[in-house]
K.L.:
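Here it is, the structure in full.
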Amino acid sequence: SNKIKIGIVGYGNLGKGAIEAIKQTQDMELVAIFTRRDPKDLNLNVPNVKTVHISEAIDYKNEIDVMLLCGGSAKDLPEQTPYFASMFNTVDSFDTHAKIPEFYQSVNEVATKNNTTAIISVGWDPGLFSVNRVMADAILPNGENYTFWGKGLSQGHSDAVRRVNGVKNGVQYTIPAEDAIEKVRSGANPELKTAEKHARVCYIVAEEGADKAAIENEIKTMPNYFADYNTDVNFISEEELNQDHTKAPHGGFVIRGGDTGAGNKQIFEFSLKLDSNPEFTASVLVAYARAAYRLNNEKQFGAKTVYDVAPGYISPRSAEELRRDFL
Ligand code: NDP
């Protein structure tokens, strides 16, 4: 077939979301999933898709057009993206913002040398939020950018509450502070401290006989994670946790208030409300896989970011159709 042939590297939340996202396209086909684990152990049940050990990826060099790299940002991608970009076009979701410049350098070097195209740090933040921050900043130079996250399940903060003495299980949601958002939307361009922008809400299952007041106090005073925030601690049953708190919702807002002279305020706002963070992020990766494929065909080699990719490149529709129906 003349479909774009896709491989997935890493079978975690994002990798699973990518399988779903590819199913929703008409111009792509999933060829194989690569893992560091024994491929048999994944118990994958997707017809016509192979599960392959990561060490055999090189055998697929001529069978796969783009690899979606679905490993973790902390440990996996700093190694996996340069390695795979030496053989394949790639798309990844590297999200350690402070390390993106050095990550870009290392990927760009490999991709340029091997005539591959590697689109890095794709997703929603970084990703779609980044695109909107840049547009707002370019269009309204006299203004201020704000990013709010949530309501969202935070893995790091959930891990932190689960480590507290007497906690059996628990989750933490980051919530954007409504009053701060309203101030920003009013065009006041307020100065906001980190803790003023977000609140934290925890749902905790306590161990039998545990001191709930002590748990609440330990969470609320935890340095870095909670101490500086408005934190709400709720105790719930294990059943409630399993019923209401197993999804991974997320989202947020990019807002810029700017002034175009004569005192006219302009508010630029982009927002996402997501039931499933990994499924949405994977859907963004899949759309950008189209761009990686096309850019590579045009010999645009090296590392790219969302800033380098024109929107038409991620669309399955022709340029003509886009001009006719979407402009
Ligand atoms: P996971 O922890 O679910 O998966 C990461 C890797 O861990 C997988 O690729 C897999 O590799 C391995 N793994 C997963 N499950 C298991 C298991 N049960 N046992 C052993 N190994 C396992 O991470 P996510 O998929 O949730 O997220 C991946 C990255 O996506 C995050 O680190 C984050 O940086 C990024 N992200 C970016 C966003 C953005 O907007 N830019 C938004 C959301 C996430 P293998 O199969 O090789 O074992």
Side-chain angles (χ1 to χ4, degrees), residues 6-22 30 32-44 46 49-57 60 67-81 83-84 90-100 103-104 107 118-133 147-159 171 173-174 246-254 270-289 304-307 309 314:
I6 305 288
I8 292 173
V9 177
Y11 188 62
N13 299 313
L14 212 53
K16 289 172 190 162
I19 296 176
E20 296 306 315
I22 293 163
L30 177 59
I33 295 169
F34 299 86
T35 182
R36 291 163 293 189
R37 286 166 279 170
D38 183 338
K40 287 197 300 292
D41 292 348
L42 298 189
N43 289 318
L44 200 86
V46 190
V49 175
K50 291 175 203 151
T51 39
V52 183
H53 193 263
I54 211 167
S55 60
E56 293 165 26
Y60 288 77
M67 283 286 199
L68 302 180
L69 306 183
C70 297
S73 289
K75 300 253 165 68
D76 303 338
L77 296 175
E79 281 178 27
Q80 289 182 343
T81 304
Y83 176 69
F84 280 94
T90 63
V91 180
D92 71 54
S93 71
F94 185 73
D95 71 353
T96 315
H97 289 260
K99 292 195 172 154
I100 289 174
F103 183 72
Y104 171 86
V107 177
I119 311 183
I120 66 160
S121 298
V122 171
W124 59 278
D125 197 357
L128 303 183
F129 274 21
S130 323
V131 171
N132 282 277
R133 282 189 288 259
T147 303
F148 295 90
W149 295 276
K151 178 190 178 184
L153 186 85
S154 159
Q155 215 50 68
H157 286 78
S158 296
D159 288 343
V171 292
Y173 298 98
T174 304
T246 50
K247 283 198 182 176
H250 223 311
F253 307 81
V254 169
F270 176 77
S271 76
L272 291 171
K273 191 163 180 284
L274 311 173
D275 268 356
S276 165
N277 179 7
E279 281 185 15
F280 183 80
T281 303
S283 301
V284 183
L285 293 186
V286 165
Y288 275 84
K304 311 284 172 198
T305 71
V306 289
Y307 301 139
V309 179
I314 73 168

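Each ligand, and each atom within it, is numbered from 1 in the order the structure gives.
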K.L.:
Minimum heavy-atom separation for Ile33 to Ile19, with atom names?
P.N.:
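Looks like CD1-CD1, 3.6 Å.
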K.L.:
For ligand 1 and Gly15, I'd like to know whether there is a polar contact (N/O to N/O, distance under 3.5 Å).
P.N.:
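No, Gly15 has no N/O under 3.5 Å of an N/O on ligand 1.
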K.L.:
Identify the protein heavy atom lying closest to atom 11 (O) of ligand 1, giving its residue, its atom name and the separation to 0.1 Å.
P.N.:
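It is Arg36 NH2, 2.9 Å.
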K.L.:
Specify the closest pair of heavy atoms between Ile8 and Met67, including all atoms of both residues, with the distance to one decimal.
P.N.:
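Heavy atoms only, the tightest pair is N-SD, 4.5 Å.
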K.L.:
Suppose we measure from atom 35 (C) of ligand 1 to each protein heavy atom; which comes out shortest, and what is that distance?
P.N.:
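The answer is Ser93 OG, 3.2 Å.
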K.L.:
For atom 41 (N) of ligand 1, what is the closest protein heavy atom, and at what distance to 0.1 Å?
P.N.:
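For this ligand atom, the closest protein heavy atom is Pro126 O, 3.2 Å.
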K.L.:
For ligand 1, is there an N or O atom under 3.5 Å from any N or O atom of Tyr11?
P.N.:
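It does: an N or O of Tyr11 is found under 3.5 Å from an N or O of ligand 1.
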K.L.:
To check your reading of the model: name the closest protein heavy atom to atom 5 (C) of ligand 1, its residue, and the distance in Å.
P.N.:
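Among all protein heavy atoms, the one nearest atom 5 (C) of ligand 1 is Gly72 N, 3.8 Å.
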K.L.:
Verify, without hydrogens or angle tests, whether Ser154 (side chain) and His157 (backbone) share a donor-acceptor contact under 3.5 angstrom.
P.N.:
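Checked: pair present.
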K.L.:
Can a non-hydrogen atom of Pro278 be found less than 4.0 Å from any atom of ligand 1?
P.N.:
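No, Pro278 has no heavy atoms under 4.0 Å from ligand 1.
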K.L.:
Look only at the side chain of Asp41 and the backbone of Arg37, and say whether a donor-acceptor pair between them is shorter than 3.5 Å.
P.N.:
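The answer is no, because no donor-acceptor pair under 3.5 Å joins these two groups.
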K.L.:
Below the 3.5 angstrom mark, is there an N/O of Asp76, backbone or side chain, next to an N/O of ligand 1?
P.N.:
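The answer is no, given that Asp76 and ligand 1 share no N or O pair closer than 3.5 Å.
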K.L.:
Check for me whether Lys16 meets the cation-pi criterion with Tyr11, that is, NZ or CZ under 6.0 Å from the six-membered ring centre and within 45 degrees of the ring axis.
P.N.:
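Ring-cation test returns yes.
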K.L.:
Can you sort out which atoms of ligand 1 are near Gly123, meaning under 4.0 Å from one of its heavy atoms?
P.N.:
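It comes down to these atoms of ligand 1: 39 (C), 40 (O), 41 (N).
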K.L.:
Is the side chain of Ser130 donor-acceptor paired with the backbone N or O of Pro126 at a distance under 3.5 Å, no angle test?
P.N.:
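No, Ser130 side chain to Pro126 backbone: no donor-acceptor pair under 3.5 Å.
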K.L.:
Can the ring centres of Phe34 and Tyr60 be said to be less than 6.0 Å apart?
P.N.:
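Aromatic pair counts; centres sit under 6.0 Å.
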K.L.:
Go through ligand 1 atom by atom and flag the ones less than 4.0 Å from a non-hydrogen atom of Trp124.
P.N.:
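With Trp124 as reference, the close atoms of ligand 1 come out as 39 (C), 40 (O), 42 (C).
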K.L.:
Determine the minimum heavy-atom distance between Lys304 and Tyr104, stating which atoms define it.
P.N.:
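Closest approach of Lys304 to Tyr104, heavy atoms only: N-CE1, 4.5 Å.
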K.L.:
So, is Thr281 polar-close to ligand 1, with some N/O to N/O distance under 3.5 Å?
P.N.:
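N/O-N/O distance below 3.5 Å does not exist for this pair.
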K.L.:
Can you tell me the protein heavy atom closest to atom 45 (P) of ligand 1 and the distance?
P.N.:
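The closest heavy atom on the protein side is Thr35 OG1, 3.3 Å.
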K.L.:
Specify the protein heavy atom at minimum distance from atom 13 (N) of ligand 1: its residue, its atom name, and the distance to 0.1 Å.
P.N.:
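For atom 13 (N) of ligand 1, the nearest protein heavy atom comes out as Arg37 NH2, 3.4 Å.
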K.L.:
Is a donor on one side and an acceptor on the other found under 3.5 Å between the side chain of Asp92 and the backbone of Ile120?
P.N.:
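Not confirmed, Asp92 side chain does not pair with Ile120 backbone.
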K.L.:
Looking at every heavy atom in both Val122 and Tyr288, which two are closest together, and how far apart are they?
P.N.:
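For Val122 versus Tyr288, the nearest heavy atoms are CG1-CD1, 3.7 Å.
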K.L.:
Examine ligand 1 and decide if any of its atoms is less than 4.0 Å from a heavy atom belonging to Val122.
P.N.:
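Yes, Val122 has a heavy atom closer than 4.0 Å to ligand 1.
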K.L.:
Answer yes or no: does an N/O atom from Asn13 fall short of 3.5 Å to an N/O atom of ligand 1?
P.N.:
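Yes, since at least one N or O of Asn13 sits under 3.5 Å from an N or O of ligand 1.
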K.L.:
Strictly less than 4.0 Å: does any protein heavy-atom distance to atom 25 (O) of ligand 1 fall in that range?
P.N.:
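True for atom 25 (O) of ligand 1.
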K.L.:
Okay, side chain of Thr305, backbone of Tyr307: is any donor-acceptor separation there less than 3.5 Å?
P.N.:
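The answer is yes, because a donor-acceptor pair under 3.5 Å joins these two groups.
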K.L.:
Using a 4.0 Å heavy-atom cut-off, say whether Leu77 meets ligand 1 through its side chain, its backbone, both or neither.
P.N.:
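The answer is neither; Leu77 stays 4.0 Å or more away.
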K.L.:
Within a distance under 4.0 Å of any heavy atom of Cys70, pick out the atoms of ligand 1 and give their elements.
P.N.:
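Those atoms are 9 (O), 28 (C).
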K.L.:
Looking only at heavy atoms, what is the nearest atom pair of Ala282 and Leu14, with distance?
P.N.:
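Heavy atoms only, the tightest pair is CB-O, 3.6 Å.
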K.L.:
What protein heavy atom is closest to atom 4 (O) of ligand 1, reported as residue, atom name and distance in Å?
P.N.:
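Answer, as residue, atom name and distance: Gly12 CA, 3.7 Å.
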K.L.:
Can you tell me which residue and heavy atom of the protein come closest to atom 33 (C) of ligand 1, and the distance to 0.1 Å?
P.N.:
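Looking only at protein heavy atoms, the one closest to atom 33 (C) of ligand 1 is Asp95 OD2, 3.3 Å.
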